[in-house]
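Quick notes on the structure that follows.
Every value quoted in this text rests on a predicted model; they were computed, and no experiment measured them. So you know, we letter chains A, B, ... as the sequences are listed, proteins then strands, and number each from 1.
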Amino acid sequence: MRTMMLSLVKRRGSFGERAAIVALIAALCIMVLLPLITLFSKAFEGKTGEFTGLANFARYFQSPALLQSLWHTAFISVGTACISVCLAFVFAYALTRTGIKGKLIFKTIALLPLFAPTMLHGIGLTYLFGNQGLITNGFFGALPFEWHIELYGPIGIMMAEVMYTFPQAYLILAVSLAFADYNLYEAATTMGASKRRIFFTVTVPNIKYGLISAIFVCFTLAFTDFGAPQVVGGNYSVLATEIYKQVIGQQNMGMGATVGIILILPAVLAFTVDRIVSRKQNAISSRALPYRIQTSRLRDGLFLACCLVLSALIGIVILTVIGASLIKIWPYNLSLSFVHYDFTKVAGGSIQPFWTSLRMSAWTAGIGTIVTFLGAYLIEKTRSMKMLRQAGYFLSILPLALPGLVIGLSYIFFFNERSNPLHGIYGTIWILVLANIAHFYAVSFVTATSALKKLDKEIERASDAMGVPQYKTLLRVTLPLCLPAVLEMAMYLFINSMVTVSAVMFLYAADLKLASVSVVNMDDAGDVASAAAMSVLIMMTNVMVRLVYEAIAHFVKTKTGAWQTRNS
Amino acid sequence: MKKWMGTALTTALVISALTACGTSNNDANTNSAQAANGNKPATEAAANSEITVYTALEDDQIGAYLASFKEQYPNIKVNIVRDSTGIITAKLLAEKDNPVADVVWGTAATSLLVLDQNGMLEGYSPKGIENVLPEFKDTGEPAHWVGIDAWETAFAVNTAELKKKNLPIPQSYEDLTKPEYKGLVVMPNPAASGTGFLTVSGLEQLMGDAKAWDYLDKLDKNIAVYTQSGSKPAKLAGTGEYPIGVSFGYRAIEEKKSGAPIEVVFPKEGSGWDVEANALMKKDNIKPEAKEFLDWAISAEPMKEYNKNYAIISIKNEGASIPEGYKADPMSQLIKIDLNKAAASREATLAEWTKRYEAKSEPKE
């Protein structure tokens with residue numbers, strides 16, 4: 001009797017489960033796969049839509065200028081990933097495994113670049129190192145020295161990209177470093193292993209997955225970023241600006257699609273490597289103990305110095321942008337004024353894009369968090385339809401390899417087709433929301449997945465054995481345990497929707513211009529001070545959202561996170 | 001004013017006579033008559049309708065331009081999509097199968113000609129088209145595009161920065177290639193910017209292809225950066241980031257007015273130019289409001305506004321004011337250009353330009 005009931009429950013559960021998995025795959029197909037296929041088919045078309053086979057690719061590889069941008073992009077991305085992950089590791093280690101003071105302040109500063117569009121970093125560097133920059137001309141000649149670096153080009157792009165990817169790498173590494181099984185450290189110490197040995201045999205292997213995923217994320221972000229090269233790239237062409245030029249300047253959609261595909265390829269490669277490595281990653285045992293920080297003044301001193309330098313660098317760039325947005329005519333009239341915050345006279349037209357961005361980001365955060373978490377849950381915690389779930393996993397991670405420009409372009413091709421039943425969302429705010437969810441799906445999916453992975457499979461097995469329906473376990477156990485991750489996802493989606501340019505660039509409708517797009521337009525038109533002002537507005541908003549998040553997260557943690565802290 | 005109406009009436013009569021010979025177009029006739037009668041707006045149009053207008057006009061101009069439309073057609077909501085010439089054209093092409101725009105307003109004629117080659121424009125001769133000079137409109141009937149004004153190449157030169165470097169102000173295209181200006185000159189990329197394209201195609205028609213590319217090769221040695229926007233070189237000159245910007249008249253003058261140490265230079269050899277023009281998009285349900293907008297866009301009120309910013313507008317109006325900063329005889333500044341020829345060779349020109357200068361930043365070459 002008892003066994004019969006158990007199997008009944010199981011079967012009932014798996015029907016709903018199956019339906020949900022199929023629905024998820026269908027949604028992912030519409031969101032990611034079908035637009036991508038449309039894009040691929042466009043790459044084989046000429047200007048008037050005729051089939052041209054590999055002509056676009058042949059033209060690409062015969063054009064030295066186009067090919068050159070590929071090498072440029074590879075150089076920038078590898079450089080950025082190396083520098084950024086190294087710096088972020090030191091920073092994350094300092095904040096999770098040392099006893100330095102002022103961690104909250106450091107963390108706040110480190111995350112600031114995340115809250116601003118990448119154009120802001122570029123603009124900041126322009127005001128510091130440009131031909132009229134503060135550092136270039138020694139604070140308007142007030143300082144005895146001048147320091148001229150070749151900003152416009154690879155140096156400027158890499159500086160801006162490091163600033164852009166640093167907090168992302170930091171976040172990933174901090175999460176990895178925060179979860180350690182102290183049993184291992186205790187065991188290693190007991191066995192007499194040196195600090196160095198522990199570092200390389202316990203710490204590094206433990207965060208291997210985080211480390212590789214940080215490198216991967218930085219590489220891809222730098223590879224596909226459009227904002228920074230747009231502002232400080234000068235004539236140094238990278239793939240992202242190349243797509244923009246092909247589509248926008250030369251009105252060549254077929255070639256845009258072609259460059260788009262080439263833009264995807266290396267990211268797909270990185271992605272494959274990541275998959276292979278992550279398969280070897282084990283879940284942390286349910287009996288793990290949290291890490292305990294030992295006291296060491298020398299270690300703390302060194303790390304404090306590193307943190308101070310890194311925070312100062314970030315702080316200076318951001319303060320410069322805020323300052324520049326308030327100066328009347330840089331560098332000829334240095335009186336303070338709010339004139340650049342009046343957007344009626346510059347590209348963008350008004351403050352309206354800012355409100356539209358807020359609306360779009362709120363929807364993206366709301367809908368995106370629910371969809372992503374459910375998606376991650378279905379793939380991670382159910383047991384039926386293994387093949388489909390693997391396909392789903394692939395589709396969920398795939399957006400990581402898809403630059404926003406590619407998503408934007410493919411959405412035009414896919415949703416602007418009149419025969420598409422979803423054509424109705426074209427030109428509305430919903431296509432922007434959908435594009436953003438697709439664009440940021442992978443990272444929030446990974447956040448959800450790794451939170452879910454940390455939960456022992458025994459939780460499901462236990463409730464299964466007790467005959468509790470799976471949705472109840474999800475709502476009562478899994479979700480509350482993952483609440484910090486869920487909040488983080490919502491915040492991540494909101495903030496990124498506020499700052500993103502590339503995906504929405506091709507998609508916004510007449511009355512739905514976005515703040516970030518208007519930053520690009522203003523900078524493009526040379527209204528750099530107004531572009532700075534709008535970036536500052538975006539950043540301030542995101543900082544505020546982050547503060548609200550912190551408050552809620554703090555509340556949640558004190559309420560539900562007790563199990564994660566060790567009473568010692 | 002009387003004189004203007006007289007001219008308008010005569011043109012109207014001539015055109016009516018001409019059209020009467022071909023497929024008699026009664027609509028055009030009545031339209032012309034109305035236009036001559038002082039252009040009474042038909043405000044009783046459908047209530048609360050909406051049109052989407054794509055434009056490459058400057059942001060700081062659109063508000064002032066639209067004021068009289070809002071007054072005359074309070075029930076029509078106008079959604080403006082504004083971007084630089086290249087972007088607007090690209091958007092329109094991307095949406096070819098499913099156009100979002102009802103009307104294109106104030107966008108380079110050479111770009112509209114590209115759209116027309118793709119069969120994307122619907123012929124419509126707005127009321128008052130007979131007032132528009134033939135070189136500023138499609139002379140077909142009905143017209144596929146109608147111009148509102150012309151804009152031309154001008155240099156924005158930062159006098160403060162040049163003084164620091166002890167350099168004279170360049171007065172001609174030839175001057176720009178002098179070695180002392182190396183790394184100080186910025187110009188827009190013609191593939192993205194309407195101003196960039198009209199400058200390059202102007203040089204082609206001025207010097208002939210071979211000599212023009214020869215010149216651009218020499219100029220390329222002095223160029224610090226090619227921008228995506230035609231306004232940006234003037235603004236970069238304004239902040240002194242790069243002291244010499246190849247831009248267009250209006251933007252250079254505005255930059256000077258904003259207080260930056262700028263001198264506006266119209267090159268001695270003459271300026272390349274293009275027409276900012278309007279067109280009706282071909283789509284399933286063409287809204288009557290779109291046609292009303294096009295009628296309004298070449299009527300007296302907005303023309304007066306265009307004229308505040310541009311010295312050359314598309315209608316004949318003697319005694320028109322020349323805005324501050326322009327030359328007394330702006331037409332004489334223009335190079336003789338065949339817009340159809342410029343549009344036809346657009347792709348070839350851009351391909352050649354890209355081949356030559358796109359990879360310029362690479363140190364190896």
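Of the atoms belonging to B:Ala101, not a single heavy atom falls under 4.5 Å from chain A. The part of A:Tyr152 that comes within reach of chain B is its side chain, from C-beta onward, which places non-hydrogen atoms under 4.5 angstrom from that chain. Using a 4.5 Å cut-off between heavy atoms, A:Asn333 makes no contact with chain B at all.
Put simply, NZ on A:Lys328 and OG on B:Ser258 are 10.0 Å apart, with the number rounded to the nearest 0.5 Å. The structure places NZ of A:Lys513 at 7.0 Å from CZ of B:Arg82, a figure rounded to the nearest 0.5 Å. Between the CD1 atom in A:Ile412 and the CG atom in B:Asn98 there is a gap of 12.0 Å [rounded to 0.5 Å]. Distance check: B:Asp59 CG to A:Phe343 CZ gives 12.5 Å after rounding to the nearest 0.5 Å. Expressed to the nearest 0.5 Å, how far CG of A:Asn521 lies from OG of B:Ser229 amounts to 10.0 Å.
Smallest separation of non-hydrogen atoms from B:Val225 and A:Asn235: CA-ND2, 3.3 Å.
Side chains of B:Gln228 and A:Gln230: a donor-acceptor N/O pair is absent below 3.5 angstrom, by distance only.
Remark: B:Lys91 qualifies as a cation-pi partner of A:Tyr508 under the 6.0 Å distance and 45° angle criteria applied to the six-membered ring.
Considering only residues two or more places apart in sequence or on other chains, B:Phe69 meets the ring pair (Phe, Tyr, Trp, His ring centres under 6.0 Å) condition with B:Tyr73, B:Phe293, B:Trp296. When the side-chain hydrogen bond (donor to acceptor under 3.5 Å, both in side chains) test is applied to B:Lys308, the partners found at least two apart in sequence or on another chain are B:Glu305. Judged as a side chain to side chain contact (heavy atoms under 4.5 Å, CB included), and not counting sequence neighbours, the contacts of B:Ala56 are B:Thr85, B:Thr107.
Scanning residues 232-243 of chain B against chain A with a 4.5 Å non-hydrogen threshold yields B:Lys232, B:Lys235, B:Gly238, B:Thr239, B:Gly240, B:Glu241, B:Tyr242, sorted by number.
Counted within 6.0 Å of OH on A:Tyr332, heavy atoms from surrounding residues, nucleotides or ligands total more than 12; the atom is thus considered enclosed. Counting heavy atoms of neighbouring residues, nucleotides and ligands inside a 6.0 Å radius, atom NZ of B:Lys163 does not exceed 12 of them.
Among B:Pro261, B:Ala260, B:Gly259, the residue with the largest count of heavy-atom pairs under 4.5 Å with chain A is B:Pro261.
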